[in-house]
Amino acid sequence: MDIPASTASSSRRRPGTRRLLPAKRPTSDNAGNAGWGGLMDATPDSWDEMFAVHARAPFFLVQSALSRLADGGRVVNISSAAATRPMRAVPVYSMAKASINNLTHALAMELGPRGITVNAVAPGWTRTDMNSAVRESTDMVTAIEADTSLGRFGEAADIAAVVAFLASEEGRWVTAQVIEASGGYKL
């Protein structure tokens, strides 16, 4: 089943499609855009775009996948540590990602009777294209690493390992959880 990438927003079409996995495999969403800018920088358009990518698209992606998701399946949403620890530079992003946490809990209640687990992984500072501008500043990198117990940015493989566990048979008793994978950022 192909879901047009434009599902995120009806007003802005994006090239490409997403392929949903066969029914016995887990469903996961991973959408992102930075949305850097403080409270006074937000506009109705930037607000709509942020919520289209981080709230609307994951909601409708899961909704579209439900008829193909086998009983006993897995849903793993991608949230952010910023959802529970907002930053001045990204208030709208933080709010949009917080909606993923609420969606995770609501879906866990809805899908639990089918034996489907629903969880979210909330990455902290992870080396991605989304924060490449931050990583260009030696001062910012030093500050973030100093505020992280493990002393470094996460890597995609660090997040993927948590997602893999939640999607595996070993994760069968874990549901309705938002698991922060931040290396101990701002403990």
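Predicted, not measured: the structure shown is a model, and the values here were computed from it. The first residue of the sequence shown is numbered 1, and numbering continues consecutively from there.
Note on residues 81-90: pairs passing salt bridge (Lys or Arg N to Asp or Glu O under 4.0 Å), not counting sequence neighbours, are Arg85-Glu180. Residue pairs meeting the salt bridge (Lys or Arg N to Asp or Glu O under 4.0 Å) criterion with at least one partner in residues 102-123, sequence neighbours excluded, are Asp71-Arg114. Sorted by first and then second residue, the salt bridge (Lys or Arg N to Asp or Glu O under 4.0 Å) pairs involving residues 116-139 (not counting sequence neighbours) are Arg127-Glu155.
The side-chain contact (heavy atoms from CB on, under 4.5 Å) search around Thr126 returns Pro123, Thr128, Ile159, not counting sequence neighbours. For Ala156, the side-chain contact (heavy atoms from CB on, under 4.5 Å) test picks out no residue, with sequence neighbours left out. Shown here are the side-chain contact (heavy atoms from CB on, under 4.5 Å) partners of Ala42, two or more places apart in sequence or in another chain: Ser46, Val92. Under the side chain to side chain donor-acceptor pair (under 3.5 Å) criterion, Asn102 pairs with no residue at all, not counting sequence neighbours. Scored by the side chain to side chain donor-acceptor pair (under 3.5 Å) test, Glu170 finds Ser168 as partners (sequence neighbours excluded). Evaluation of the side-chain contact (heavy atoms from CB on, under 4.5 Å) rule for Thr117 yields Arg74, Asn119, Thr175 as partners, not counting sequence neighbours.
Connection of Met109 to Val62 is not established within any shared hydrophobic cluster, with ILVMFWY side chains joined at heavy-atom distances below 4.5 Å, either directly or through further cluster members. Val90 is connected to Trp47 through a chain of hydrophobic side-chain contacts under 4.5 Å among Ile, Leu, Val, Met, Phe, Trp and Tyr, so both are in one cluster.
Between Gly37 and Pro91, the closest heavy-atom pair is O-CD, 3.2 Å. The nearest pair of heavy atoms linking Val178 to Ala122 is CG1-CB, 4.0 Å. Taking both residues in full, the closest heavy atoms of Pro58 and Val53 are given as CD-O, 3.3 Å, listed atom of the first, atom of the second, then distance. The minimum heavy-atom distance linking Ala120 with Ile100 is given by the pair CB-CG2, 4.5 Å. In plain terms, the two heavy atoms of Ala81 and Gly124 that are nearest each other are CB-CA, 3.9 Å.
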Taking only distance into account, with no hydrogens and no angle test, what donor-acceptor pairs under 3.5 Å do side-chain atoms of residues 143-153 form with protein atoms, sequence neighbours excluded?
{"unit_1": "Asp147", "atom_1": "OD2", "unit_2": "Lys186", "atom_2": "NZ", "d": "3.4"}
{"unit_1": "Thr148", "atom_1": "OG1", "unit_2": "Ile144", "atom_2": "O", "d": "2.7"}
{"unit_1": "Ser149", "atom_1": "OG", "unit_2": "Gly184", "atom_2": "O", "d": "3.3"}
{"unit_1": "Arg152", "atom_1": "NH1", "unit_2": "Asp158", "atom_2": "OD2", "d": "2.9"}
{"unit_1": "Arg152", "atom_1": "NH2", "unit_2": "Asp158", "atom_2": "OD2", "d": "3.3"}

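For the atom pair Asn77 CG and Asn101 CG, the distance stands at 9.0 Å (nearest 0.5 Å). Atom CG of Leu69 sits about 12.0 Å away from atom OG of Ser64, to the nearest 0.5 Å. Between the CD atom in Glu49 and the NE2 atom in His54 there is a gap of 8.5 Å [rounded to 0.5 Å]. Separation of atoms CD (Gln63) and CG (Leu103) is listed at 10.5 Å; rounding is to 0.5 Å. In this structure, the separation between CZ on Phe51 and OG on Ser99 is 5.5 Å, given to the nearest 0.5 Å. Atom CG of Leu107 and atom CZ of Phe59 lie 7.5 Å apart (nearest 0.5 Å).
Panel note: side chain Arg172, backbone Glu169; a donor-acceptor pair is recorded below 3.5 Å. With His105 contributing its side chain and Ala176 its backbone, the two residues share a donor-acceptor pair below 3.5 Å. Counting only distance, with no hydrogens or angles, the side chain of Asp41 and the backbone of Gly38 share a donor-acceptor pair below 3.5 Å.
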Stepwise side-chain contact (heavy atoms from CB on, under 4.5 Å) test for Tyr93 and Ser80 | CA-CA 9 Å; Tyr93 171 82; Ser80 171; 3.5 Å; yes

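You'll find the side chain of Val174 reaches within 4.5 Å of the side chain of Phe165, heavy atoms only.
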